[in-house]
Structure formats: C-alpha cells, structure tokens
Asks: 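My questions will all concern the structure given below.
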Amino acid sequence: MIDFKCSLGDAVKTTDFEAKLAEARNYVARAQQDDFGGWVDLPVKYDKDEFARIKQAAKQINADSDYLVCIGIGGSYLGHRAVIEALGGERNRTKILYAGNSLSPRAVEKVIADLGDKDFSINVISKSGTTTEPAVAFRIFKEKLIAKYGEAEAAKRIYATTDANKGALHDEAVAKGYTSFVVPDNIGGRYSVLTGVGLLAIAAAGIDIDALMDGAEEERASLISDGGKAAEYAAVRNILLEQNYDIEILANFEPQFTQFNEWWKQLFGESEGKDGKGIYPASVIDSTDLHSMGQYIQEGRRNLFETFVEIAADYDAVKVPTLEEDLDGLKYLEGKEMDYICKTANAATREAHLAGGVPILEVVMPDLDERSLGALIYFFEMSCALSGFLLGVNPFNQPGVEAYKNRMFELLGKPGYEK
C-alpha cells in the first residue's frame with residue numbers, strides 16, 4: 001500500500017545500494033524474533049477479545065462522557081493523538097484531552113478549565129504506574145473524578161492500560177475494579193499505537209479501528225518477506241548518513257499531520273539516538289514552514305535530507321472562487337481545486353530543494369483514511385527497526401531516557417536517590 005521513491009541528486013553516491021538493501025532485508029526476521037518485536041505480527045495476532053472489549057468501552061465512554069482525559073507520556077499518548085488528529089479529529093460527542101505528558105501546572109489548569117462541569121472519564125496509560133508525569137496527573141484528575149461522582153462511580157469511569165500482571169497501576173486497577181487493557185510485554189511504547197495503548201482513545205474518538213488494523217495487516221503482508229519498500233527506505237537513510245546527511249526532515253503539506261510528525265520523531269529518535277549514533281529527526285508542515293524554515297532548507301548547511309509524506313488520492317472539495325475583478329492577482333487560479341494547487345506546491349518544493357542540494361525521499365500513502373494510516377504506521381515501524389539494525393544499535397531500547405529522571409529524583413528528594 002505504501003510506496004517509496006527517492007531523488008538523491010548528483011552529490012550522493014549510491015553504488016552500495018544493493019548491498020545495503022540486502023543487509024536491511026536480512027533484518028526483518030531479526031525484528032520478528034526480538035523480545036520486543038511483538039509489533040511485527042501484531043496485525044495478524046492481536047487479541048481479538050481485548051479488541052472487542054476496547055470497542056465496547058469506547059461505546060460506554062461515548063454514552064456517558066463529554067471528554068476522555070488520556071493520561072500518558074511518550075508512546076503512551078503520541079501514537080493515538082497522531083492518528084486522531086491526522087484523520088481530522090473526533091467524530092462524535094466525546095472529545096479527547098491530554099494530560100500527564102509534561103510537568104507544566106499551566107497545562108494541567110488548561111485541561112481542568114476545558115473540562116468545566118462536563119462529564120468525563122479517564123484513560124490512564126502506564127506500564128508501571130510510577131512514571132512521574134502521568135502518575136502526578138492521574139492523582140489530580142482521579143481526585144476530581146471522585147469529587148464529582150463519588151468513589152464507586154469514579155471507578156467505573158477510569159480505564160487503566162497497564163501491565164497484565166504487575167505494577168502499581170495494575171494493582172490499583174485490580175483493587176478498585178477499573179476496566180483494564182494490556183500494555184504488551186513484547187512491544188515497546190513507541191511501537192504500541194495499534195495495541196490497547198492507542199486503540200481505546202482512537203475508538204472513543206469515533207475512528208474505525210477495524211479499518212486501521214486492516215491497513216496495518218495489508219502493509220505487513222507486503223513487507224514481511226523481505227522488508228519491501230520499508231527496507232529500501234531504511235537502506236537509503238543509512239547511505240545518506242554515511243555521507244554525512246545526519247538530519248532528516250519529515251515534510252507534509254497537511255497541518256493535521258503535526259502530531260503524526262511528533263510520533264515519528266519519537267519513533268526514530270528514541271530508536272536510533274544512542275551510542276553516539278543516529279539521524280536527528282526533525283519535521284515541517286508546508287507550505288506554512290516554507291515561510292520560516294524554507295530558507296534554511298534551501299540554502300543552509302548541506303547535512304540534511306527531506307522525507308515527504310504524500311497523499312495520492314485527489315481531494316476536490318474546495319475550489320478557488322471566480323470574481324469579476326482580479327485585485328489579488330489570482331485570476332490564473334480561478335476554478336482550480338486547492339488540492340491541485342497544494343500538490344503543485346509540493347512538487348515545486350521538492351524540485352527546488354533537490355536543486356539546492358537536498359536529497360528528497362517520498363513516502364506515498366493511497367489516501368488520508370484509517371486503512372492508509374494503519375499502513376503508514378506499520379511502514380514506519382518496520383523501516384525504523386531495519387534502519388536501527390543497519391546502524392548497529394538496538395532499535396527497541398532507550399537507556400538514555402533514565403538520565404534526567406535520576407537527576408530529577410535526586411533534586412526532588414525521592415528516597416533512594418540521595419547524592
């Protein structure tokens with residue numbers, strides 16, 4: 001479903017592409033067999049019973065809640081937020097609010113203000129239940145839930161996505177009777193959007209999670225034997241890195257992909273940024289950012305390349321109106337679809353940047369719908385795993401994340417972290 005192509009320019013040597021591609025293809029089995037490779041076969045091996053329970057819980061949330069407060073950080077919220085916003089936002093009564101992804105008191109106050117006196121439920125997503133940011137937020141919003149509904153009713157409005165057998169949140173969910181879903185042991189957070197970690201919020205937003213999984217399943221079928229287009233993308237990324245192109249900019253012409261860009265940055269940044277290695281992931285939303293970052297991309301340091309996420313399907317719902325006068329100089333565009341104008345701007349941007357010395361990669365999805373987005377998620381997950389193995393790092397761990405936590409705990413006086 002997902003297509004990949006590239007235009008690298010005269011400065012890039014690709015004489016070793018076939019060897020690099022063959023190496024990338026060999027890593028598909030390694031990803032599948034890894035202790036944290038559960039995402040590889042997830043589209044065909046997911047828990048159908050839990051999937052049904054997720055849809056039932058989403059119906060209950062839609063019936064009794066104006067808002068669902070999703071509490072989580074990193075992979076516990078970026079994936080489902082990316083999907084919901086990429087597909088145009090919530091499609092029913094229940095709106096999604098996010099908490100526990102920072103330590104900002106102002107962000108917490110904003111969510112509280114948005115809630116007002118409306119009915120709400122909570123989806124707290126944490127494997128351990130002790131990660132500081134979501135744990136603090138859960139305390140705050142659980143207290144408000146209890147104050148509004150009482151202990152018994154509040155427990156019915158708390159949905160815990162956590163470890164299946166252990167941990168602080170698991171134990172509390174069992175003791176209090178929360179509806180619970182599983183954070184799989186064999187799937188890391190940044191690869192978990194198509195598990196219970198992401199699917200409850202997505203379903204509560206009115207998005208078709210069956211179609212999302214169908215798209216991922218179709219993409220898996222196209223990649224599982226030899227990596228397909230994902231292996232090609234991984235190989236090209238690593239060839240570029242070897243030639244000192246160490247910054248990748250994910251570019252898209254749809255503003256609603258802003259949060260998808262954030263998910264993609266965590267996926268690649270946390271997977272590859274270790275052992276002094278990795279491509280730095282950045283992003284832009286064009287044509288907006290062509291009026292801010294466009295100058296640098298066109299004429300700045302030549303250590304970056306761009307990957308454009310493009311939508312193949314046409315969207316002819318909006319056209320430029322026809323007027324008698326031509327005060328704004330748009331007579332030449334009258335009657336043309338904005339989609340045509342946008343895609344022309346996209347092509348022009350790629351051509352200009354390539355001429356300016358920026359290698360251009362293109363990842364093309366069939367349409368902007370659930371099926372295509374499920375395929376795109378799986379494509380990037382596979383590409384990231386293969387690219388990390390090519391780089392010589394473990395794409396499924398994140399040891400550096402603990403450094404700030406240890407120092408923060410020391411400064412805050414957490415027992416056991418004294419200097």
Asks: Once you round to the nearest 0.5 Å, how far does CZ of F257 lie from CG of N252?
Replies: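 These two atoms lie 5.0 Å from each other.
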Asks: What I want to find out is whether R220 reaches E217 closely enough, with some N-O distance under 4.0 Å, to be called a salt bridge.
Replies: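 Between E217 and R220 there is no salt bridge, as every charged N stays at least 4.0 Å from the carboxylate O atoms.
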Asks: Given side chains that start at C-beta, do those of R91 and I207 come closer than 4.5 Å, heavy atoms only?
Replies: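 Contact flag for R91/I207 side chains = yes.
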Asks: Over 60° means perpendicular and under 30° means parallel, so tell me whether H80 and Y77 are parallel, tilted or perpendicular.
Replies: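 It falls in the perpendicular class, over 60°.
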Asks: Would a 4.5 Å heavy-atom cut-off, applied to side chains only, mark I247 and R301 as touching?
Replies: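 They are not in contact (no side-chain heavy atoms under 4.5 Å apart), so the answer is no.
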Asks: Is there a side-chain contact between Y378 and V40, using heavy atoms and a 4.5 Å cut-off?
Replies: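 Side chain of Y378 against side chain of V40, heavy atoms only: contact under 4.5 Å found.
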Asks: Looking at S104 and A107, would you say the former's side chain and the latter's main chain have a donor-acceptor pair under 3.5 Å?
Replies: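 Such a contact is found between S104 side chain and A107 backbone.
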Asks: Hey, is E232 close enough to K5 for a salt bridge, meaning N to O under 4.0 Å?
Replies: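 Between K5 and E232 there is no salt bridge, as every charged N stays at least 4.0 Å from the carboxylate O atoms.
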Asks: Any chance you could measure N303, atom CG, to L240, atom CG, to the nearest 0.5 Å?
Replies: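 Here the interatomic distance stands at 11.5 Å.
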Asks: Which value, rounded to the nearest 0.5 Å, describes the distance between R81 atom CZ and I202 atom CD1?
Replies: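 Nearest 0.5 Å value for the CZ-CD1 distance: 13.5 Å.
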Asks: Identify the two heavy atoms, one from I377 and one from V193, that lie closest to each other, and give their separation to 0.1 Å.
Replies: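 So the minimum-distance heavy-atom pair works out to CG2-CG1, 3.6 Å.
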Asks: Does L169 offer a backbone N or O that forms a donor-acceptor pair with the side chain of T162 under 3.5 Å?
Replies: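 No; zero donor-acceptor contacts below 3.5 Å.
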Asks: Using a strict 4.0 Å threshold on nitrogen-to-oxygen distance, state whether D34 and R30 make a salt bridge.
Replies: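 The answer is no: the pair does not qualify as a salt bridge.
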Asks: Would you give me the side-chain donor-acceptor pairs under 3.5 Å for residues 268-284, sequence neighbours excluded?
Replies:
| residue | atom | partner | partner atom | Å |
| --- | --- | --- | --- | --- |
| E270 | OE1 | R190 | NH1 | 2.9 |
| E270 | OE1 | Q266 | NE2 | 3.3 |
| S271 | OG | R190 | NE | 2.7 |
| S271 | OG | Y191 | OH | 3.4 |
| S271 | OG | L267 | O | 2.5 |
| S271 | OG | P395 | O | 3.1 |
| E272 | OE1 | R237 | NH1 | 3.2 |
| E272 | OE1 | R237 | NH2 | 3.3 |
| E272 | OE2 | R237 | NH1 | 3.1 |
| E272 | OE2 | S387 | OG | 2.6 |
| K274 | NZ | E270 | O | 3.2 |
| K274 | NZ | S271 | O | 3.1 |
| K274 | NZ | N394 | O | 2.7 |
| K274 | NZ | N397 | O | 2.5 |
| K274 | NZ | N397 | OD1 | 2.8 |
| K277 | NZ | L391 | O | 3.4 |
| S283 | OG | K265 | NZ | 3.3 |

Asks: Say you draw a straight line from OH of Y245 to CG of L8; how long is it, rounded to the nearest 0.5 Å?
Replies: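 Rounded to the nearest 0.5 Å, the OH-CG separation comes out at 8.5 Å.
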Asks: Say you draw a straight line from CD1 of I71 to CD1 of I125; how long is it, rounded to the nearest 0.5 Å?
Replies: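 The CD1 atom of I125 is 9.0 Å from CD1 of I71, to the nearest 0.5 Å.
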Asks: Between the side chains of D64 and K156, is the shortest nitrogen-to-carboxylate-oxygen separation below 4.0 Å, so that they form an ion pair?
Replies: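 No, K156 and D64 are not salt-bridged.
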Asks: Mind checking whether D66 and K95 have side chains closer than 4.5 Å, heavy atoms only?
Replies: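 No, every pair of side-chain atoms sits at 4.5 Å or beyond.
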Asks: Which heavy atom of S7 sits nearest to which heavy atom of L354, and what is that distance?
Replies: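 So the minimum-distance heavy-atom pair works out to O-CD1, 3.2 Å.
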Asks: Check this for me, if you would: do E133 and R139 make a salt bridge, where the nitrogen-to-carboxylate-oxygen distance has to be below 4.0 angstrom?
Replies: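 Here E133 does not pair with R139 in a salt bridge, since their nearest N and O are not under 4.0 Å apart.
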Asks: Return each pair, listed once, that meets salt bridge (charged side-chain N to carboxylate O under 4.0 Å, His left out) where at least one residue sits in residues 191-203; pairs must be two or more places apart or across chains.
Replies: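 Sorted pair list comes back empty.
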Asks: I need the minimum non-hydrogen distance between G294 and H353, along with the two atoms involved.
Replies: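 Distance-wise, the nearest heavy atoms are O-NE2, 4.4 Å.
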Asks: E362 side chain to F4 main-chain N or O, any donor-acceptor pair under 3.5 Å?
Replies: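 No; zero donor-acceptor contacts below 3.5 Å.
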Asks: With heavy-atom distances below 4.5 Å as the criterion, would you say the side chains of R93 and N62 are in contact?
Replies: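 R93 vs N62: side chains apart.
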Asks: Would a distance-only check, ignoring hydrogens and angles, find a side-chain to backbone donor-acceptor pair under 3.5 Å from R371 to P366?
Replies: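 Absent.
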Asks: State whether F120 and K118 meet the cation-pi test: NZ (Lys) or CZ (Arg) under 6.0 Å from the six-membered ring centroid, and within 45° of the perpendicular axis.
Replies: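 Cation-pi check for K118 and F120: fails.
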Asks: Output side-chain donor-acceptor pairs under 3.5 Å for residues 309-318, partner residues at least two apart or in another chain, one line each.
Replies:
| residue | atom | partner | partner atom | Å |
| --- | --- | --- | --- | --- |
| E310 | OE2 | R350 | NE | 3.1 |
| D314 | OD1 | K343 | NZ | 3.1 |

Asks: Please report the C-alpha distance between T130 and S128 in whole Å, then the side-chain angles of each, then the deciding distance to 0.1 Å, and finally whether the side chain to side chain donor-acceptor pair (under 3.5 Å) criterion is met.
Replies: CA-CA 5 Å; T130 59; S128 66; 3.1 Å; yes
Asks: Quick one: does NZ or CZ of K142 land under 6.0 Å from the six-membered ring centre of F138, within 45 degrees of the ring axis?
Replies: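 Judged by the rule (NZ or CZ under 6.0 Å from the ring centre, within 45° of its axis), K142 counts as positioned above F138.
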Asks: Please report the shortest heavy-atom distance between G228 and L223, naming the atom on each side.
Replies: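 Looks like CA-CD2, 4.0 Å.
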Asks: Yes or no on salt bridge (Lys or Arg N to Asp or Glu O under 4.0 Å) for R407 and E410, after CA distance, side-chain angles and deciding distance?
Replies: CA-CA 5 Å; R407 180 58 176 154; E410 178 188 334; 2.7 Å; yes
Asks: Could you go through the side-chain contact (heavy atoms from CB on, under 4.5 Å) check for E262 and Q259 one step at a time?
Replies: CA-CA 5 Å; E262 296 304 309; Q259 289 300 323; 4.0 Å; yes
Asks: Hey, what's the ring geometry for F389 with Y27, parallel, tilted or perpendicular (30° and 60° as the breaks)?
Replies: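 Aromatic pair F389/Y27 classed tilted.
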Asks: Is it true that a side-chain atom of E306 and a backbone atom of P359 form a donor plus acceptor pair closer than 3.5 Å?
Replies: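 Not a single qualifying donor-acceptor pair exists.
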Asks: Go through the structure and list residues passing side chain to side chain donor-acceptor pair (under 3.5 Å) with D369, not counting sequence neighbours.
Replies: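 Result, side chain to side chain donor-acceptor pair (under 3.5 Å) vs D369: S372.
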Asks: Could you tell me which non-hydrogen atom of M382 sits nearest to which non-hydrogen atom of A230, and how far apart they are?
Replies: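 For M382 and A230, the tightest heavy-atom pair comes out as CG-CB, 3.9 Å.
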Asks: Could you walk me through whether N123 and T161 pass side chain to side chain donor-acceptor pair (under 3.5 Å), step by step?
Replies: CA-CA 7 Å; N123 179 205; T161 308; 3.1 Å; yes
Asks: For a 4.5 angstrom cut-off between non-hydrogen side-chain atoms, does F379 reach M1?
Replies: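 Heavy-atom side-chain distance check fails, nothing below 4.5 Å.
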Asks: Side-chain polar contacts of residues 173-188 - donor-acceptor pairs under 3.5 angstrom, sequence neighbours left out - could you list them?
Replies:
| residue | atom | partner | partner atom | Å |
| --- | --- | --- | --- | --- |
| Y178 | OH | E172 | OE2 | 2.7 |
| S180 | OG | Y178 | O | 3.4 |
| D185 | OD1 | K127 | NZ | 2.7 |

Asks: Quick check for you: to the nearest 0.5 Å, what is the distance between L145 atom CG and I158 atom CD1?
Replies: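 So the CG of L145 and the CD1 of I158 are separated by 5.5 Å.
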Asks: Is there a side-chain contact between V69 and V124, using heavy atoms and a 4.5 Å cut-off?
Replies: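 No; the side chains remain at least 4.5 Å from each other.
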Asks: For the pair D3 and K229, find out whether any cationic side-chain nitrogen is under 4.0 Å from an anionic carboxylate oxygen.
Replies: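 A salt bridge is present here (some side-chain N lies under 4.0 Å from a carboxylate O).
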Asks: Where do Y149 and D119 land on the side chain to side chain donor-acceptor pair (under 3.5 Å) test, with the steps shown first?
Replies: CA-CA 9 Å; Y149 299 105; D119 289 314; 2.8 Å; yes
Asks: Would Q60 and Q56 satisfy side chain to side chain donor-acceptor pair (under 3.5 Å), going step by step from the backbone distance to the final call?
Replies: CA-CA 6 Å; Q60 182 60 45; Q56 185 58 43; 5.5 Å; no
Asks: Could you list all the salt bridge (charged side-chain N to carboxylate O under 4.0 Å, His left out) pairs where at least one residue sits in residues 280-290, not counting sequence neighbours?
Replies: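 Every candidate salt bridge (charged side-chain N to carboxylate O under 4.0 Å, His left out) pair involving residues 280-290 fails, so no pair, neighbours aside, qualifies.
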